[in-house]
Each structure stands twice: as C-alpha cells, then as structure tokens.
2 protein chains.
Amino acid sequence: MWTDNQWAEPGAERPGGARRRATIHDVARLAGVSRQTVSRAVNDKGEIDPATKERVLEAARLLDYRPSRFARGLVQKGAVTAGLVIPDLRNPFFPEVAAGVLEAAEQRGWQVVVWDSRIDEARERQALDVLSHQADAVVGYFKDPDDVLARHLGGVPLVLLERGPQQTGFAAVGIDAATGVEQGMDHLFRAGHRRIGMLDGVHGPGPRRLAFLEQVRRLGLPVDEDWVVVCPEHSVAGGEAGMERLLAARPEITAVFGFNDLIAVGAMRTARRQGRSVPDDLAVLGFDGLSLGELVEPALTTLHIDKRQLGRLAVEQVARLRAGEEPLRGADAWVVPELVVRSSA
Amino acid sequence: MWTDNQWAEPGAERPGGARRRATIHDVARLAGVSRQTVSRAVNDKGEIDPATKERVLEAARLLDYRPSRFARGLVQKGAVTAGLVIPDLRNPFFPEVAAGVLEAAEQRGWQVVVWDSRIDEARERQALDVLSHQADAVVGYFKDPDDVLARHLGGVPLVLLERGPQQTGFAAVGIDAATGVEQGMDHLFRAGHRRIGMLDGVHGPGPRRLAFLEQVRRLGLPVDEDWVVVCPEHSVAGGEAGMERLLAARPEITAVFGFNDLIAVGAMRTARRQGRSVPDDLAVLGFDGLSLGELVEPALTTLHIDKRQLGRLAVEQVARLRAGEEPLRGADAWVVPELVVRSSA
DNA sequence: AACGCTCACGTGAACGTTCACGAGCCCACA
DNA sequence: TGTGGGCTCGTGAACGTTCACGTGAGCGTT
C-alpha cells in the first residue's frame with residue numbers, strides 16, 4: 001500500500017507555489033486503476049482496454065504526469081549515455097567530429113551529452129566531474145595528463161581524441177600526423193620550395209610540429225627555431241598574428257605550413273596584406289580540410305581529415321571498452337590525412 | 001538484509017562473458033562495511049575513518065564499481081537534462097546556437113543531450129521520442145506542426161527555435177526577420193538597386209521570404225513569382241544552384257538577397273563564374289552573419305544574428321517553463337539582426 | 001561515577017518505475 | 001456443464017542509492 005498523498009488534492013498547489021511532481025500512483029488513483037495499468041497506457045503496451053487507456057491518459061494529462069527517467073532507468077537497463085567534451089564549437093573542425101560521434105551514437109541507440117570546454121582546462125575537469133557522475137563513458141579532448149584525468153574520472157571509461165598512444169594509457173583515436181605532414185611537405189618540396197616555415201598551434205610541440213621537423217630534416221631543409229612560430233590561438237586571427245611574426249623573423253620563406261586550416265587562412269590574409277601573392281610569392285598549406293578552404297581565395301591546399309570518421313572511431317572505441325574488449329591501438333585508431341591540392345600551394 | 005550474490009565470487013565472469021555490474025552492496029561486503037559507509041567513501045563525505053575509506057575505495061576499484069546514476073537520480077532530485085535538436089551540425093550557424101545553449105545550460109548546472117536530425121523530419125520525431133523519455137525539456141528545430149509534436153512529446157516542455165508565435169502554441173525563440181530584412185533592403189535600395197531577387201531556403205515561404213516580399217512592395221519594386229528562387233539546400237552548393245536558376249530566369253537583377261550566408265556565398269560564386277563581378281554588376285546580401293563571410297572575397301555584407309544569444313534565450317525559456325512561469329513572448333523572445341556592411345553589397 | 005559530546009558506522013525506509021506472475025471474467029466449444 | 005483460453009487488470013518484488021535516524025564506543029568534564 002502506498003502512503004497517502006499529503007496534499008489535499010492531487011496536483012494541488014503547494015504552499016511554496018511549486019507542485020510535487022505527480023507519480024504513477026497519483027495517476028493510478030485518479031483513474032481508479034493500478035500502477036501497472038497506468039504503465040501500460042503510458043507506454044503504449046497491449047493488454048489494456050482502449051477505454052481505460054483513454055481514461056488513464058486523461059488522468060495523466062490532468063496531473064501533468066511524466067514518468068521519472070531515473071526510476072525507469074533503474075529497472076530497465078540499457079540506456080547508454082556518453083559524454084562528449086569538445087574544446088571549441090566555433091572552430092568548424094569540432095562540429096564535424098561531433099557530428100560523427102552523434103551519428104555513430106545514434107546508430108547504437110546511445111545518447112550524447114555535449115560539453116564545450118571553451119579551451120579551458122578547468123572547464124575540462126569540471127566537465128569530467130559532472131560526466132563521471134552522469135555518463136556511462138566519456139570521449140573528448142583533454143589536455144591534462146593521465147593521472148589527473150583518472151582522478152576526475154572515478155572509473156568511467158574514457159576515450160581520448162587526438163592523443164598518440166605514447167602520450168596516454170587511455171584508449172584513444174587520433175590523426176596520423178606523420179603521414180599527412182610527409183605528403184604535404186613532399187608536395188611543397190616537389191614544387192621547388194626549400195625555405196618552409198610553420199605556424200604551429202598553441203599547445204606545446206605536438207605531433208604536427210614534430211612531423212614537420214622530421215620532414216625538414218629528411219628533405220635537408222634549413223632548420224632553426226624561428227622557422228616555427230606558435231600562433232596565439234587556433235583561429236584565423238591567430239594565424240594572421242602568427243604569420244606577422246613569422247614573416248618578420250624569416251622574410252625569406254617561400255612556403256608556410258599551417259597547424260590547421262583556420263591558421264592557414266589567416267596566414268594567407270596576412271601574406272596578401274603584406275603584398276605577397278599566394279601561391280606565387282608564398283605557398284600556404286593547411287591541415288584539416290575544412291569546407292571553408294574551398295571558399296577562400298585562393299582555395300586552400302590542405303591535408304584533408306575525415307573528421308566524421310574520427311568521431312565514429314571514437315564511439316567504436318567506447319563500445320569496445322564497454323564490451324570489455326581491447327580498444328583499437330595503432331593504425332586502426334588513426335585517421336590518415338589526404339592531400340587535397342587546390343590553389344594555395 | 002540484501003539478497004545473496006548469485007555469482008560465485010563478486011565480479012566473477014558470467015557464463016556469457018559479460019559481468020554483472022557491481023553494486024554498492026558488493027563493495028560493502030568485500031570491504032566488510034555497510035552500504036552507507038561505501039556511499040560516504042565514494043562520495044567523499046565526512047564521518048568516515050581515513051583507513052576504512054581507503055579500504056572501501058580499494059574494494060570499489062577491485063570490483064570496478066560505479067554508482068548507478070539512475071538510483072542516484074531517483075533519490076536525490078535536481079539533475080536536469082535538456083535535449084537539443086539541431087538540423088545540421090555542418091552548417092556553421094547551428095554550432096553557434098548550440099554553443100549558446102550549452103553555455104547557458106552549464107551556468108544553470110544542466111546537461112544537454114544533443115541530436116543532429118540531419119534535416120530529416122523522421123529523425124526529428126525520433127529524437128523527440130527518445131528525448132521525451134530521457135530529458136526534462138527539449139529545445140530545437142522542428143518542422144512538424146504542433147499536434148504532431150505534442151504526440152511525440154508526452155508532456156515534456158518544448159521550446160521551438162525560430163518559429164513565430166503565430167506558427168505555434170509552444171514557447172519559442174526566434175529571429176526578427178522583418179526588421180532585419182527591412183534594414184537589408186533599405187541598404188540595397190539606397191545603393192540604387194531596383195531589381196532585386198531572392199534566393200530562398202527550402203521549406204515553404206517563411207518569415208524571411210514574406211518580409212522580403214513585404215519590403216519589395218513597400219519600396220515599389222517589381223515583384224513576380226520568379227524573382228524568388230528556392231534553393232535545393234541551405235548550403236553553398238544550394239546557393240550556387242539556385243543562383244543559376246535565378247540568373248537564367250531574371251538576368252536583369254542587380255542585387256540578390258540570400259536566405260542565409262551560405263546561400264549568399266554560393267550566389268557570389270555563381271555570379272562570378274558567369275562573369276558578373278560582385279558587387280559592381282551584382283550585389284549580394286546574406287543573412288546570418290557567419291564568420292566565414294569575412295573570409296570570402298568580396299567579404300559578405302549580411303544581417304548579423306547573435307546566434308549564441310538565440311541559444312541562451314532558448315534556455316531561459318526552458319527555465320521559465322520549468323518554473324511554471326509564462327514564457328517570454330514577442331520582442332523579448334526575438335533576436336534582432338544587425339546589418340553588417342562589408343564589400344558584397 | 002554520572003553525564004554529555006563527538007566520532008565512526010549501521011539500519012530501515014523511501015525514491016518511482018517495470019517485471020513476473022497470478023486472478024478474475026467472459027465466451028466458445030466439447 | 002465443465003473446460004480451456006484469451007482479455008484485462010492487479011500485486012509483490014526488485015532495481016541501487018541516499019536520507020534521516022539510531023547506536024555504541026571512547027573520552028573528557030564535573
């Protein structure tokens with residue numbers, strides 16, 4: 001026997017003005033049936049007379065009844081919620097990755113809680129704190145080292161985006177920067193470029209910078225610290241600023257390799273503003289393959305990444321983790337960039 | 001007394017290979033304490049001896065214990081999850097709106113489950129079906145009429161994005177298209193344009209088209225059916241295709257108003273491909289204010305919308321609905337576009 | 001020695017739903 | 001007239017946690 005409603009009438013005003021959420025009991029009582037019958041009506045199951053069903057639904061409507069997703073989830077397992085942590089939704093790269101994650105999740109019947117950490121490590125941790133309580137797994141971009149992540153994770157499976165296996169013990173999916181950069185540098189080299197600069201992203205020397213330096217060495221190009229400039233942010237404005245510094249330090253360069261397409265576009269703008277024509281005076285090579293690269297002038301030559309695939313792979317990793325299988329390691333968890341030659345290089 | 005574990009050892013392999021998720025009971029037993037003590041250890045509460053806490057945590061680690069978010073949510077209310085349904089994450093407009101939603105939700109301590117309906121009404125309904133079971137409120141873009149939505153909603157509060165009050169009885173936030181289009185058309189008119197075409201979006205005559213026709217009438221411009229062309233999709237490619245048809249039908253136009261920035265950019269590309277220079281032979285006006293408009297050549301003149309604000313407003317509407325207050329109606333729920341004059345018009 | 005206080009921990013209940021089972025009813029059929 | 005079977009509906013239990021208490025040990029104070 002359920003305890004009697006402490007309010008005079010079902011759905012009556014509380015003293016504070018707020019209502020106590022109606023439960024299945026309240027509906028059952030108002031409709032004069034049992035909980036189970038209410039459940040049947042609400043969930044559209046069989047074994048119920050159409051007339052009673054209508055009566056129950058009317059009662060539910062009257063009380064503004066909505067089933068508790070918690071009570072439901074407690075008894076019928078299977079609902080999976082993944083967390084997705086993205087550094088910056090305004091960078092067109094990440095919505096594409098997110099689209100891949102959402103697509104793959106939808107196919108599996110999972111839901112995805114999305115967090116935009118806005119390039120703030122504290123917010124990354126905060127996201128982890130919340131998601132570790134509310135999600136069954138987390139995938140995302142994180143800058144913290146493994147031990148910090150583990151502390152905020154409380155045992156929830158994690159899949160890291162764009163972290164090499166040597167950088168983390170967690171499951172990860174990433175980009176084969178080395179192969180991509182090699183293609184790009186070969187292209188520049190074959191076009192006759194020998195003095196090539198790089199506009200790097202903000203976090204310390206990552207795979208792209210290392211691959212760049214590796215290629216510079218392989219091709220026997222001049223190499224010095226100030227051929228690589230770190231841009232203040234991963235945006236067009238960041239690329240413009242970085243390019244100004246790079247051209248000031250190394251005016252003799254004939255080509256520049258951008259950390260991503262936004263930075264590369266910024267580089268082109270600065271170059272042209274300073275009177276250098278692209279690609280004749282200066283070739284610009286991007287990395288990402290954003291669709292915006294087709295729209296700028298000249299169209300951006302870039303290393304195209306299948307960003308949706310990256311997202312889908314991440315979900316596959318989550319699935320493996322959940323199944324207790326070994327996550328994909330190495331090449332299977334990498335997306336290989338593809339050189340797309342347009343006009344800028 | 002809790003029922004005894006049916007498996008030989010806690011955390012032992014199941015016949016099928018899957019493990020039964022360890023519960024707080026299992027941990028309690030292994031650590032030789034009560035549930036409550038486990039709860040205290042796991043949740044970092046006081047009233048526990050550091051030594052026992054460590055022992056409990058070790059047991060939890062051993063069993064790979066993670067608290068059930070359902071059981072937790074059932075007993076401690078307060079966790080709010082909102083659903084966000086977006087038509088197309090690849091259109092840069094929507095990630096911006098989403099960013100606003102996420103930001104506002106984060107401030108309130110809510111989580112957001114995101115769905116990409118990929119411009120498919122069936123998927124919209126599917127999203128509603130799921131979210132009505134799993135979310136406390138839904139905000140998003142939906143094409144279905146009120147009654148269809150209500151059927152898939154099961155009483156969950158809904159906030160519609162970009163639907164005028166005359167189009168729906170649900171709470172909504174939108175864009176003041178009329179004011180925006182008026183600004184834009186005034187700008188074109190003052191620049192001397194008298195033959196102005198429009199590239200509309202795919203769904204039937206919406207506020208933007210109606211406002212365009214209204215302005216055409218107000219300014220006494222020639223008006224005919226084929227001055228408005230419907231683009232096959234809301235993308236650059238869609239704009240290119242639409243512009244081809246528009247120029248074929250009405251080669252005499254001197255300006256074109258695009259449904260959004262992507263379509264406007266497509267229009268520019270087709271115009272230039274056909275030998276018309278922008279803005280001299282043909283002025284192009286966009287709508288949205290995507291940052292990509294600054295990057296194309298010539299830079300796009302557009303009606304800029306504060307997309308984040310749109311998202312924030314939507315969350316505010318949800319909050320009102322949940323509090324039982326009246327949602328914002330009229331001007332307070334509208335975002336007013338602002339004319340940003342660049343080079344294309 | 002009696003009292004009170006703090007600390008560390010345990011116990012029953014409650015949260016709101018679904019599941020497995022069972023009961024009653026009505027009708028058809030032998 | 002009994003029997004079987006489909007409908008329709010109800011009952012106890014279970015899901016895994018936290019909350020509000022309760023308890024007992026240890027210790028200091030009067």
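Chain letters run A, B, ... following the sequence lines, proteins first and then strands; every chain starts at 1.
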Report the distance from atom [atom1] of [X] to atom [atom2] of [N], rounded to the nearest whole Å.
X        : N      : atom1 : atom2 : result
A:Glu47  : C:dA23 : CD    : P     : 16 Å
A:Arg29  : C:dG16 : CZ    : P     : 13 Å
B:Asp136 : C:dG16 : CG    : P     : 14 Å
A:Arg21  : C:dG16 : CZ    : C1'   : 10 Å

Fill in: Distance-only donor-acceptor check, side chains B:Thr81 and A:Arg69, under 3.5 Å
yes

Fill in: Distance-only polar pair, side chains of A:Arg312 and A:Gln309, donor-acceptor under 3.5 Å
yes

Fill in: Nearest-nucleotide comparison on DNA chain C, the residue closer to the 5′ end among B:Leu74 and B:Ile48
B:Ile48

Fill in: Sole residue of B:Arg151, B:Arg125, B:Arg163 in salt bridge (charged side-chain N to carboxylate O under 4.0 Å, His left out) with B:Asp144
B:Arg125

Residue-phosphate contact under 4.0 Å: [X] side-chain N/O, [N] OP1/OP2:
X       : N      : answer
A:Thr52 : D:dC9  : yes
B:Ser34 : C:dG10 : yes
B:Lys53 : C:dA8  : no

Worksheet entry | the helix from C:dA1-D:dT30 to C:dA30-D:dT1: angle between end helix axes, five pairs per end, rounded to 10 degrees | 50°

Worksheet item: Taking B:Ser39 for the side chain and B:Arg35 for the main chain, is one N or O donor matched with an acceptor at less than 3.5 Å?
Response: no

Item to complete: Please work out if B:Arg69 contacts a base, only the sugar-phosphate, or nothing of the nucleic acid, heavy-atom cut-off 4.0 Å.
Response: nothing

Worksheet, complete the sentence: A:Phe142 and A:Leu158 have their tightest heavy-atom pair at CE1-CD1, 3.8 Å

Item to complete: Kindly point out which of C:dG10, C:dC15, D:dG10 is positioned nearest to the side chain of B:Val33?
Response: C:dG10

Worksheet item: Mind checking what makes side-chain hydrogen bond (donor to acceptor under 3.5 Å, both in side chains) contact with B:Arg55, not counting sequence neighbours?
Response: none

Interface polar pairs with nucleotides 18-20 of chain D, N/O, under 3.5 angstrom:
residue	atom	partner	partner atom	Å
D:dT18	OP1	B:Asn43	ND2	2.7
D:dT18	OP1	B:Arg72	NE	2.9
D:dT18	OP2	B:Ser39	OG	2.7
D:dC19	OP2	B:Lys45	NZ	2.8
D:dC19	N4	B:Gln36	OE1	3.0

